[in-house]
Amino acid sequence: MKLKFDFTAMTDNVIGGQGVSASDLAKDRGFIKGAFDKTINDNAAWRELPFDEKLTDEVESFCAPIRKKAEAVVVFGIGGSALGIKAAGWSLLHLNHNSLKKHRRGAPKIYVDDNVDPERLTALLEVINIKKTYFNFITKSGETAETLSQFLVVYDLLKRALGKKKAKEHVIVTTTMESGSLYDVAVKEGFKIFGIPKDVGGRFSVLSAVGLVPLSIVGLDITMLLKGGAEMDEACNREDIFKNPALMAAYMHVKSMRAGKNISVIMPYADSLKFMADFYAQLWGESLGKAMDLDGNRVNVGQTPVKALGVTDQHSQLQLYTEGPFDKIVTFLAVEEFRDGVIIPDDTGISDFVYLKGHTFTQLMEAERKATACALAKAGRANYTVTLPCVCEYTVGALLTYFMYQTAFAGAMLNVNTYDQPGVEEGKRSAYAILGRNGYENSCMDLTRFGDDFIIDE
Ligand code: PA5
């Protein structure tokens, strides 16, 4: 069940001057080793998560009874408090999990509401039975306005529907212990609280209670998810770049970035992996997009992540990738065995389309992906492929861990703080100012003082 990584089309052998050469690798040996050592020796807390058996037991025994009685579980969180759950959940659950009872194997429906669009919340409340729904509010800081707003609305509705005593049983809070406003409220109200380790940032927290609780409630095997993470952890701790896929990917990206490839396209060839692209986009964008390096130099570095879906986006974006500027790396996510098979029938009474007949959709997907990779390579475009033998808890845990290590190694190579997000925090402060939160009065720039010449009302 191991993942495979094929970086051939990142090299000069295939894409000529656009590629990375063996001599680049040899020259950069010290640089790569430095980034490897820095990452491995910094003992980042997220790297411990796949090995926390105590937490797995606690989560499983808490979630099992909820799985039996809940009709739905709703996750409220945003950014790193939502995207890992979507990435893993949507990969592993039936694509129509919420619509088809027989595929849920007795588990509840799941919704991850990571926006405060009023129509979305209203629409959600219209399809759930609040009395039979459990709500997991996830916020590492316990201060995020979006999640707290959702909490205020939903807890109020729950109390009205069930009374205070019962309402609180439907609320699970996942947050940093003993810190943040939501933690204080959760203690006061008597909600079940799961802790997020202090030193684990949102986008690196999917294998903590952040991901494990909702994924366990909907019946996924969190032990296998962590096992996949643990085994990928082992691969990512290998010093030899030819045996360490995350180190190789990080190097290929950083080397190519320095040669002007400022865009990282992630293109899963499987609908189930669609939200892996969102997970990767946040991890890569928020971790590496930094103004300053660790020595205090202004660097304004980063590589813009772009999400695409194969084959769908072959028919919208591929033209640009093949013939536009040489500013992209395309990462394909491939799947060998899909969970379902569809065969194109031979005997349809239609005499055309002979080349399609008798093939499976799996073969079709594979042919399209290989053809795209080949077309890109032929045009001198950097690309590489990560192949999952199948999409299951083990491979998904491995893939998530691979992405986190790739990001950590790249951050070390770029000499930036991979784990902070000052740009995001600035946005949060501005929102507090606009909403009138005490202490944030001057946090937002007043654009009206620049006049209205450039505002056009149709
Ligand atoms: O990765 C991150 O740190 C961020 O994307 C956060 O997850 C996001 O801003 C939400 O923050 P919080 O979990 O504190 O509500």
Side-chain angles (χ1 to χ4, degrees), residues 44-47 49 74-89 112-117 121 135-155 171-186 191 193-214 275-291 302 304-305 307 400-401 403-408 410-411 416-432 435 437 440 443:
W46 64 268
R47 292 172 50 215
L49 296 175
V74 177
V75 172
F76 287 111
I78 199 159
S81 293
L83 291 172
I85 302 156
K86 281 168 90 170
V112 180
D113 239 36
D114 55 355
N115 203 353
V116 283
D117 178 333
L121 184 55
F135 298 91
N136 189 186
F137 296 92
I138 307 179
T139 164
K140 156 101 185 145
S141 61
E143 301 293 350
T144 301
E146 293 86 342
T147 312
L148 297 183
S149 308
Q150 291 165 321
F151 165 74
L152 290 170
V153 172
V154 170
Y155 188 43
V171 176
I172 307 156
V173 166
T174 309
T175 192
T176 310
M177 289 299 200
E178 278 150 38
S179 125
S181 308
L182 191 59
Y183 175 80
D184 295 339
V185 172
F191 301 145
I193 309 175
F194 280 97
I196 307 174
K198 266 202 171 61
D199 301 328
V200 175
R203 55 195 177 275
F204 287 84
S205 68
V206 57
L207 298 182
S208 73
V210 167
L212 300 186
V213 171
F275 285 104
M276 277 292 168
D278 294 62
F279 177 77
Y280 171 81
Q282 186 205 10
L283 203 53
W284 201 244
E286 203 166 313
S287 304
L288 306 182
K290 297 288 151 72
T304 305
K307 301 174 278 176
L400 294 165
T401 304
F403 282 143
M404 292 189 273
Y405 265 101
Q406 177 190 332
T407 307
V416 294
N417 184 341
T418 308
Y419 303 111
D420 69 358
Q421 54 282 326
V424 176
E425 304 304 337
E426 180 58 35
K428 288 186 183 181
R429 281 193 296 277
S430 296
Y432 294 150
L435 290 166
R437 184 173 178 181
Y440 293 88
S443 296

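Atoms considered below: every heavy atom in the structure, side chains included; atoms not considered: hydrogens, waters and symmetry mates. All ligand and atom numbering here is 1-based and tracks the order in the structure.
Ranking the protein heavy atoms by distance from atom 5 (O) of ligand 1 puts Gln282 NE2, 2.6 Å first. At the top of the distance list for atom 10 (C) of ligand 1, counting protein heavy atoms only, stands Ile78 O, 3.3 Å. The nearest heavy-atom contact from the protein to atom 13 (O) of ligand 1 is Ser81 OG, 2.7 Å. Looking only at protein heavy atoms, the nearest one to atom 11 (O) of ligand 1 is Lys428 NZ, 3.3 Å. From the protein, the heavy atom lying nearest to atom 14 (O) of ligand 1 is Ser141 OG, 2.6 Å. Of the protein's non-hydrogen atoms, the one nearest atom 15 (O) of ligand 1 is Thr144 OG1, 2.5 Å.
Under 3.5 Å, the side chains of Glu425 and Gln421 contain a donor-acceptor pair of N or O atoms.
Lys307 places no side-chain N or O within donor-acceptor distance of the main-chain N or O of Tyr280, the cut-off being under 3.5 Å. Of the possible polar contacts, one joining the Thr175 side chain to the Thr139 backbone as a donor-acceptor pair under 3.5 Å is found.
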Practice problem: Check the pair Phe204 / Tyr419 against ring pair (Phe, Tyr, Trp, His ring centres under 6.0 Å), numbers first and verdict last. | Solution: CA-CA 9 Å; Phe204 287 84; Tyr419 303 111; 5.0 Å; yes
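Those atoms of ligand 1 that come under 4.0 Å of a heavy atom in Glu286, given as number and element, are 1 (O), 2 (C), 3 (O), 4 (C), 5 (O). Counting atoms of ligand 1 from 1 in the listed order, those under 4.0 Å from a heavy atom of Gly80 are 5 (O), 6 (C), 7 (O). Close approach to Gln421 involves these atoms of ligand 1, each under 4.0 Å from a residue heavy atom: 3 (O).
Of the candidates Glu425, Arg203, Glu146, it is Arg203 that places a heavy atom closest to atom 1 (O) of ligand 1.
Under the 30°/60° scheme for interplanar angles, the aromatic rings of Phe279 and Phe403 are found to be tilted. Ring pair Tyr405/Trp46 is perpendicular by interplanar angle, where above 60° counts as perpendicular and below 30° as parallel.
The proximity of Glu143 to ligand 1, defined as any non-hydrogen pair under 4.0 Å, does not occur for either the backbone or the side chain.
Within a 6.0 Å sphere centred on CD of Glu178, other residues, nucleotides and ligands contribute 12 heavy atoms or fewer.
Under the salt bridge (Lys or Arg N to Asp or Glu O under 4.0 Å) criterion, Glu143 pairs with Arg437, sequence neighbours left out.
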